[in-house]
Amino acid sequence: GTWAVTFFLLQPKHFKTVLEGLGYNYDSELIRLNVEYYLARTSHGSTLSSVVHAAVLARINPDRAWPLFRAALSADLADIQGGTTCEGIHLGAMAGTVDILERSYAGVDRLSDEIRVDPHLPEQIRSLGFWENFRDRWFRFSFSQELFRAALAPDGLGPATIVVRDKKYSVAPGATLEVVV
């Protein structure tokens, strides 16, 4: 439903800003109850359902998010819709799983002037790494349960700011930032 798409599209911080801008109080318990209410009433008839619900649950209930994430990953391999995989992959579901890794588990937020990172890797993911382009600058991000690394590609520009769990750090081109998380 609409509730899931809203929670999927907006990180909790941004959702809170929207609610407060409309004159409502943000209540994380009410959000959790809302998610649980609609989750119990969702048919999950689409491969995208697992994607959206895994992303929404990643911060609220990581244990329930993991099986949904795995279901989205295996949708085409297991041909969960019974014969549709031969017609082509479910590209939205596949792209959604990448989005879950980036936004929900790695906690990358590019909606601010600075790139923000607030990692919450589930215990099943020991490490995760990927390249991220932010404002025409390339970063190599590496995450583990204990450590976040950001390497800024040499680009001839000055240092870049990265906000990790609300603390600002500076990383020079060609250098690597390491932060214990």
Please examine the side chains of [Y] and [X], heavy atoms only from C-beta on, and report whether any two atoms are closer than 4.5 Å.
X	Y	result
Thr97	Phe69	yes
Leu177	Arg149	no
Val35	Tyr37	no
Leu147	Glu178	yes
Val108	Arg116	no

Are the charged groups of [X] and [Y] less than 4.0 angstrom apart, N to O?
X	Y	result
Arg126	Glu146	no
Arg140	Glu132	no
Glu36	Arg64	yes
Asp118	Arg59	yes

Would you say [X] has more than 12 foreign heavy atoms packed within less than 6.0 Å of its [atom1]?
X	atom1	value
Glu123	CD	no
Phe130	CZ	yes
Asn25	CG	no
Arg70	CZ	no

Kindly give the heavy-atom pair with the smallest separation between [X] and [Y], and that separation in Å.
X	Y	answer
Ile100	Ala54	CD1-CB, 3.7 Å
Tyr26	Glu20	CB-OE2, 4.2 Å
Asp109	Leu111	OD1-N, 2.9 Å
Pro62	Ile60	CD-C, 3.9 Å

Exercise. Relative to the ring of Tyr105, is the ring of Trp66 parallel (under 30°), tilted (30 to 60°) or perpendicular (over 60°)?
Worked result: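 Rings of Trp66 and Tyr105: tilted, 30 to 60°.
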For this session: Mind telling me whether Phe141 and Phe143 have parallel, tilted or perpendicular rings, with 30° and 60° as the class edges?
Result: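 Phe143 vs Phe141 ring planes: perpendicular.
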Exercise. Is Ser104 reaching over with its side chain to a backbone N or O of Leu101, donor-acceptor style, under 3.5 angstrom?
Worked result: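 Looks like no, no N/O pair under 3.5 Å.
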For this session: In sequence, state the C-alpha distance, the side-chain angles, and the governing distance for Val117 and Val163, and then conclude on side chain to side chain contact (heavy atoms under 4.5 Å, CB included).
Result: CA-CA 6 Å; Val117 180; Val163 181; over 6 Å; no
